[in-house]
Amino acid sequence: MESTPIISGYGSYGTVNTGYAPIAEGSPAMFAPPVCDVHGPSAPPASMFDSVPGYEGTVAGGGGGYLPPPMPSYPAPQPGPAQSNWNIPSITEDTAREAFSQYASSKCCYSSAPVKDGVITNMEAYNTYRYRLETFIESRTTEWSQQPYNGQPVDGYTQTPPGPWDIPAKAPTFFQDDKQVIKVPNTSSVKNCHTCLGMGRTPCKECAGVGNKICWVCNGAGNRSSGDRCHHCQGRGRVNCSHCHGKGSRECETCKGKRQLLVFINLKVIWTNNLDDYIVEQSSGLHVVNLSKVSGQEMFRDAQYMVYPVMGFPDPNVVRAAERLVREHQTRFSQTSRILQQRQTIELIPVTKVTYKWKGDSHIYFVYGNEFKVSADNYPATCCCTVM
């Protein structure tokens, strides 16, 4: 009785020894070979990485968390510049009418009659403030990395590597997100590839490492439905795998056939601008969500390493919001990141409530923001349009 070939792993030249040779033309029909497990290690084993002083918690692929920064040695925050005038002039009636005209013309179903014939009877200005706090931080994390070894310099064990926060990195312009990856000096070493076990090749996943596959023309029967021999597989029922060319193995994707890997620690430096703002509720009747889409006139700006909450502002809501956000940012970011700069601003967003009469009835609309946006929820002259 013929014994079933046994898959014995890698051959002496880095190919898979399946017991089968590539199919030669004219060979008799073949049965499907046994299926082998071609799934190698999904991640490097922990034993592959050395213990490096100062980097004991570093793992492959990240996941070690952000590294706490050293204690800062910056001066305490100081109160920002004083601001005496917190008001801006109201818009004119002509500006309100022009904004209303552009709003109506942008709507396909809005008649321009209320704009042309309506009479403005009252205009009320509201001071609406937006407080904004930005905290620009630097975060650092480390991870073990690898690349095929091509004779690169190896510097592990030559001297103690610098600490994660001692490695210099060029920061971008304040308040602009960026990132940088730096190879940590004195952490590299050479290891056998964990994926191919140092052979340079791995079993072909397409053919399960056997070098051939079922013929897709005759579905492994060797004959066509007419009874004639299948010309695609020459009656064998199987064809050489086109991915590995019948070898049963392919070049290792991890080491690119080099059999060895250079392993080292990468330092990831991430700069992030974190922004929060607060808009004071106003009694005009305009929905606050509209104000988030427009800009205002900047009345106050203060930027330093760490800002001091706004003082002496006429609206107590802004003072309380500033105290809360400054405290929250310092608590949230100082433990895992280094605060490089903070900036706080106050904008006055102009809001004008316009009352007008048209056809004997009173109506209102709002003009707001530096862009003179208009909100008119109950526009009195709309029609139904049907797109054909």
Salt bridge (Lys or Arg N to Asp or Glu O under 4.0 Å) assessment of Asp155 paired with Lys183 | CA-CA 11 Å; Asp155 59 6; Lys183 182 179 177 181; 5.8 Å; no
Which distance, rounded to the nearest 0.5 Å, do you find between the [atom1] of [X] and the [atom2] of [Y]?
X	Y	atom1	atom2	value
Asn273	Gln341	CG	CD	10.5 Å
Lys205	Cys241	NZ	SG	13.0 Å
Phe175	Gln342	CZ	CD	8.0 Å
Cys252	Lys258	SG	NZ	12.5 Å
Tyr365	His363	OH	NE2	12.5 Å
Glu138	Ile339	CD	CD1	12.0 Å

Check the surroundings of atom [atom1] in [X]: do more than 12 heavy atoms from other residues, nucleotides or ligands lie under 6.0 Å from it?
X	atom1	result
Asp361	CG	yes
Arg332	CZ	yes
His287	NE2	no
Glu253	CD	no

Please give me the minimum heavy-atom distance between [X] and [Y], naming the atom from each residue.
X	Y	value
Tyr356	Pro380	OH-CD, 3.3 Å
Pro148	Thr254	CG-O, 3.7 Å
Gly257	Glu251	N-CG, 3.5 Å
Thr272	Ile270	OG1-CG2, 3.6 Å
Phe136	Thr173	CZ-O, 3.9 Å

Between Phe313 and Tyr131, is the ring centre distance below 6.0 Å?
-> no
For this output row, return yes or no: ring centroids of Tyr379 and Phe100 closer than 6.0 angstrom.
->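 Yes, close enough.
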With a 3.5 Å distance limit and no angle check, can you tell me whether [X] reaches the backbone of [Y] through a side-chain donor-acceptor pair?
X	Y	answer
Ser112	Val115	no
Gln180	Trp271	no
Glu56	Gly54	yes
Trp165	Pro68	yes
Asn370	Gly296	yes

Could you verify whether a donor N or O on one side chain and an acceptor N or O on the other, from Asp228 and Ser226, lie under 3.5 Å apart?
-> yes
Donor + acceptor pair across side chains of Asn274, Thr135 (<3.5 Å) |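 Absent: no donor and acceptor within the cut-off.
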Please step through salt bridge (Lys or Arg N to Asp or Glu O under 4.0 Å) for the pair Arg327 and Glu323, ending with a clear verdict.
-> CA-CA 6 Å; Arg327 181 175 61 252; Glu323 292 176 348; 5.6 Å; no
I would like to know whether Leu133 and Glu328 meet side chain to side chain contact (heavy atoms under 4.5 Å, CB included); could you show each step before the answer?
-> CA-CA 11 Å; Leu133 176 65; Glu328 288 179 357; over 6 Å; no
Where do Val52 and Thr58 land on the side chain to side chain contact (heavy atoms under 4.5 Å, CB included) test, with the steps shown first?
-> CA-CA 9 Å; Val52 179; Thr58 302; over 6 Å; no
Got [X] and [Y] here, is their nearest side-chain heavy-atom distance under 4.5 Å?
X	Y	value
Pro44	Trp144	no
Ile265	Phe49	no
Thr160	Asn186	no

Test side chain to side chain contact (heavy atoms under 4.5 Å, CB included) applied to Arg338 and Arg140, step by step | CA-CA 9 Å; Arg338 177 156 54 189; Arg140 297 192 172 200; 4.1 Å; yes
Verify ring-ring contact (aromatic ring centres under 6.0 Å, His included) between Tyr126 and Tyr368, making sure each step is shown before the conclusion.
-> CA-CA 10 Å; Tyr126 293 83; Tyr368 58 97; over 10 Å; no
When you look at Leu291 and Val351, which way does the side chain to side chain contact (heavy atoms under 4.5 Å, CB included) test go after all the steps?
-> CA-CA 9 Å; Leu291 301 180; Val351 177; 3.9 Å; yes
Charged tip of Arg343 within 45° of Phe174 ring normal and under 6.0 Å = no
Assess whether salt bridge (Lys or Arg N to Asp or Glu O under 4.0 Å) is satisfied between Asp178 and Lys170, documenting all intermediate values.
-> CA-CA 10 Å; Asp178 202 354; Lys170 186 177 180 181; over 6 Å; no
Are Val307 and Val318 connected, step by step, through hydrophobic side chains (Ile, Leu, Val, Met, Phe, Trp, Tyr) whose heavy atoms are closer than 4.5 Å?
->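 Linked within one cluster.
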